Asker: 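Okay, handing you the structure first.
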2 protein chains.
Amino acid sequence: MPALQTIYQHPLLTLSELETIFEAHQPVNLNKGDYLLKKGQVANSYSCIVQGMVRSYVYDFNGNDITTGFIGKDEIAIDVISLFHQIPTVEYIQALTDCKCYVIGLDQFQVLYHAIKGFNEWGRLWMSESLFQLKQRTVSMITDSAIDRYKKLQEQHPQILQQAPLKFIATYLGITDTSLSRIRKEIVKER
Amino acid sequence: MPALQTIYQHPLLTLSELETIFEAHQPVNLNKGDYLLKKGQVANSYSCIVQGMVRSYVYDFNGNDITTGFIGKDEIAIDVISLFHQIPTVEYIQALTDCKCYVIGLDQFQVLYHAIKGFNEWGRLWMSESLFQLKQRTVSMITDSAIDRYKKLQEQHPQILQQAPLKFIATYLGITDTSLSRIRKEIVKER
DNA sequence: AAATCTACTTGCCATAGGACAAGAAATAAA
DNA sequence: TTTATTTCTTGTCCTATGGCAAGTAGATTT
């Protein structure tokens, strides 16, 4: 399970602990368009993506859907607030492409989380990193122009540009699809 | 220690556990302008704010400082990525006003975090909420106009408007101080 | 009390990006 | 292969916000 090995990396985790963790996951295949989570539901698992890409989004007051994130290979599709607080989510998580993933339920997660110290530490580090990345994204929204945000995405997550349609990338960057189309044109010209 | 009681709320935490947690904190007074953390340092503690307000910020490429957050009474001033990964921070955390806080070191935190299940759970929930709030802020940056973002801040965190100078609020909202000044004027007119 | 400083306001003009509408072009459906 | 549907591009015009510079008002220092 190479994806799980990539995801669950922590110095305290022994091979046999990793084995135990892996076994708590169930393989699941998603078809393009399938939902992992829908607004109003209470999350009861999270998914490690082995292949393909999913998108999380919310609706704003005007009914526009706003992409809050893209989750690809070796990443985790999760709504931490719904899962850990056991409250209804405001988010949708949907497969952008056909996907292979490994899903782990909250119950099993909880048992391992409290039984395996390294897993517990790993979880906290994962959350720390998520917070950091989200903070960086917020700063980028404030300081970078739309074209710079696009270029960064291009450098840092080229797979997103290949797998996601323009309109979703646009809302993720905080601009309209029209503007993104013009930005692409501009970048092509620059070469 | 009313601030600590407000902060450390979790159904699993017993009174004696709370007592133990409280005792691990040291009271510290800050003068306006004092730094809790500076870029390049590795965080080795976090601070529960009892009184006053601190601001976290980073510098962008152009040398402008960008406010990443305001932390007030009953909230926690922490750089999770630096503290838990033990890596140098990119952030500054500075007292906006004179402050009273309770500080806990990473070493003591670690011991309690692994000894007290309720504390461990509390920590995860705290991080989940932080992630959720940051996500909401990002969505707001994308979908709301500057004036709407200001009004929301006004409703949800009125203390910030009272304790922080306009220029810091402006960068937090992702606008210039000039624009924020005009927004305030506009809002006064509306009444 | 004069002299600095910092915080905030205001005016003028520039510009990035939005709104809307009309194509293309590609994909899916019939 | 013809029709629909979705995706992306392009044009025109508009608006929110930025850049810069000057001005006012408090606060702090000398």
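The chains referred to below are lettered A, B, ... by the order of the sequence lines, with proteins before strands, and numbering in each begins at 1. Being a predicted model, the structure only gives us computed values, none of them experimental.
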Asker: Output a table of donor-acceptor pairs, distance under 3.5 Å, between side-chain atoms of residues 175-183 of chain B and any protein atom two or more places apart or on a different chain; print 'none' if there are none.
Answerer:
from, atom 1, to, atom 2, distance (Å)
B:Thr176, OG1, B:Ser179, N, 3.2
B:Thr176, OG1, B:Ser179, OG, 3.3

Asker: To the nearest Å, how far apart are B:Glu186 CD and D:dA16 C1'?
Answerer: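 Rounding to the nearest Å, CD of B:Glu186 and C1' of D:dA16 are 12 Å apart.
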Asker: For D:dC8 and A:Lys167 - does any side-chain N or O of the residue sit under 4.0 Å from the phosphate oxygens OP1/OP2?
Answerer: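 It does not, given that no N or O in the side chain of A:Lys167 lies less than 4.0 Å from OP1 or OP2 of D:dC8.
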Asker: Side-chain contact test, heavy atoms from C-beta onward, threshold under 4.5 Å: evaluate it for A:Ile7 versus A:Trp126 and give yes or no.
Answerer: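 No, side chains not in contact.
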Asker: Are the side chains of B:Arg184 and B:Ile169 in touch, meaning some heavy atoms are under 4.5 Å apart?
Answerer: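 Sidechains of B:Ile169 and B:Arg184: in contact.
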Asker: When you check the gap from the basic side-chain N to the acidic O, do B:Glu155 and B:Lys152 get nearer than 4.0 Å?
Answerer: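 The answer is no: the pair does not qualify as a salt bridge.
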Asker: How are the rings of A:Tyr113 and A:Phe119 set relative to one another: parallel (under 30°), tilted (30 to 60°) or perpendicular (over 60°)?
Answerer: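 Rings of A:Tyr113 and A:Phe119: perpendicular, over 60°.
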Asker: Compute the bend angle of the helix from C:dA1-D:dT30 to C:dA30-D:dT1 from the end axes (five pairs per end), rounded to 10°.
Answerer: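 Here the local axes at opposite ends form an angle of 40°.
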Asker: With respect to the phosphate group of D:dG18, does any side-chain polar atom (N or O) of B:Thr178 fall under 4.0 Å of OP1 or OP2?
Answerer: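 So the side chain of B:Thr178 is outside the cut-off, no N or O lying under 4.0 Å from OP1 or OP2 of D:dG18.
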Asker: Would you say the side chains of A:Thr67 and A:Arg55 form a donor-acceptor pair under 3.5 Å?
Answerer: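 On atom types as modelled, these side chains qualify, holding a pair under 3.5 Å.
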Asker: Grab the CG-P distance between A:Leu161 and D:dC8 for me, whole Å please.
Answerer: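 That distance rounds to 12 Å.
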Asker: Heavy-atom distance under 4.5 Å between the side chains of B:Ile81 and A:Lys135, does that happen here?
Answerer: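 The answer is no; the side chains never approach within 4.5 Å.
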Asker: Going by heavy atoms closer than 4.0 Å, what residues in residues 135-153 of chain B are next to DNA chain D?
Answerer: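 Within residues 135-153 of chain B, the residues near DNA chain D are B:Ser145, B:Ala146.
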Asker: Give every pair of a protein N or O atom and an N or O atom of nucleotides 27-30 of chain D that lie under 3.5 Å apart, one pair per line with the distance.
Answerer:
none

Asker: Using whole Å, what does the distance between atom C1' of nucleotide D:dT12 and atom CZ of A:Arg182 come to?
Answerer: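 It is 9 Å, rounded to the nearest whole Å.
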Asker: Scan residues 145-171 of chain A for pairs that pass ring pair (Phe, Tyr, Trp, His ring centres under 6.0 Å), counting only residues two or more places apart or in two chains.
Answerer: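 Qualifying pairs, neighbours excluded: none.
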Asker: Would you grab the first and last nucleotide of DNA chain C (5' to 3') that comes under 4.0 Å of any non-hydrogen atom in chain B?
Answerer: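 Span of nucleotides near chain B: C:dA7 to C:dC12.
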Asker: Using side-chain contact (heavy atoms from CB on, under 4.5 Å) as the criterion, list what pairs up with B:Val111, not counting sequence neighbours.
Answerer: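 So B:Val111 forms no side-chain contact (heavy atoms from CB on, under 4.5 Å) with any residue.
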Asker: Got a sec, which pairs hit ring pair (Phe, Tyr, Trp, His ring centres under 6.0 Å) with one end in residues 45-83 of chain B, sequence neighbours left out?
Answerer: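 Every pair satisfying ring pair (Phe, Tyr, Trp, His ring centres under 6.0 Å) with a residue in residues 45-83 of chain B: B:Tyr46-B:Phe109, B:Tyr57-B:Tyr59, B:Tyr57-B:Tyr92, B:Tyr59-B:Tyr92, B:Phe70-B:Tyr172.
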Asker: According to side-chain hydrogen bond (donor to acceptor under 3.5 Å, both in side chains), does anything in residues 160-170 of chain A pair up with another residue at least two apart or in another chain? List the pairs.
Answerer: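 Counting only pairs at least two positions apart or across chains, no side-chain hydrogen bond (donor to acceptor under 3.5 Å, both in side chains) contact touches residues 160-170 of chain A.
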Asker: Provide, to the nearest angstrom, the distance between the CG atom belonging to A:Leu180 and the C1' atom belonging to D:dT9.
Answerer: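 Rounded to the whole Å, the gap is 11 Å.
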Asker: Please answer whether the main-chain N or O of B:Asn62 pairs with a side-chain N or O of B:Asp60 as donor and acceptor at a distance below 3.5 Å.
Answerer: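 Here the side-chain-to-backbone pair exists.
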Asker: Does any residue of residues 168-176 of chain B have a heavy atom under 4.0 Å from DNA chain D, and if so, which ones, in number order?
Answerer: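 Only B:Gly174, B:Ile175, B:Thr176 qualify.
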Asker: For the pair made of CD1 in B:Ile183 and P in D:dT15, what is the distance, rounded to whole Å?
Answerer: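 So the two atoms are 17 Å apart, to the nearest Å.
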Asker: Considering the options B:Leu96, B:Asp98, B:Leu36, which one meets the side chain to side chain contact (heavy atoms under 4.5 Å, CB included) requirement together with B:Leu30?
Answerer: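 Single side chain to side chain contact (heavy atoms under 4.5 Å, CB included) partner of B:Leu30 among B:Leu96, B:Asp98, B:Leu36: B:Leu36.
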Asker: Taking only residues at least two apart or on different chains, which pairs with a member in residues 112-134 of chain A satisfy salt bridge (charged side-chain N to carboxylate O under 4.0 Å, His left out)?
Answerer: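 Counting only pairs at least two positions apart or across chains, the salt bridge (charged side-chain N to carboxylate O under 4.0 Å, His left out) contacts touching residues 112-134 of chain A are A:Glu121-A:Arg124.
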Asker: I'd like to check the side-chain contact (heavy atoms from CB on, under 4.5 Å) partners of B:Gln9; sequence neighbours left out, ordered by chain and number.
Answerer: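 If we apply the side-chain contact (heavy atoms from CB on, under 4.5 Å) test to B:Gln9, skipping adjacent residues, there are no hits.
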Asker: How long is the line joining CG of A:Leu96 and C1' of D:dT6, in whole Å?
Answerer: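 Taking CG of A:Leu96 and C1' of D:dT6, I get 15 Å after rounding.
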Asker: By the definition side-chain hydrogen bond (donor to acceptor under 3.5 Å, both in side chains), identify the one residue from B:Thr68, B:Asp79, B:Thr89 that meets it with B:Ser56.
Answerer: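 Of B:Thr68, B:Asp79, B:Thr89, side-chain hydrogen bond (donor to acceptor under 3.5 Å, both in side chains) with B:Ser56 is met by B:Thr68 alone.
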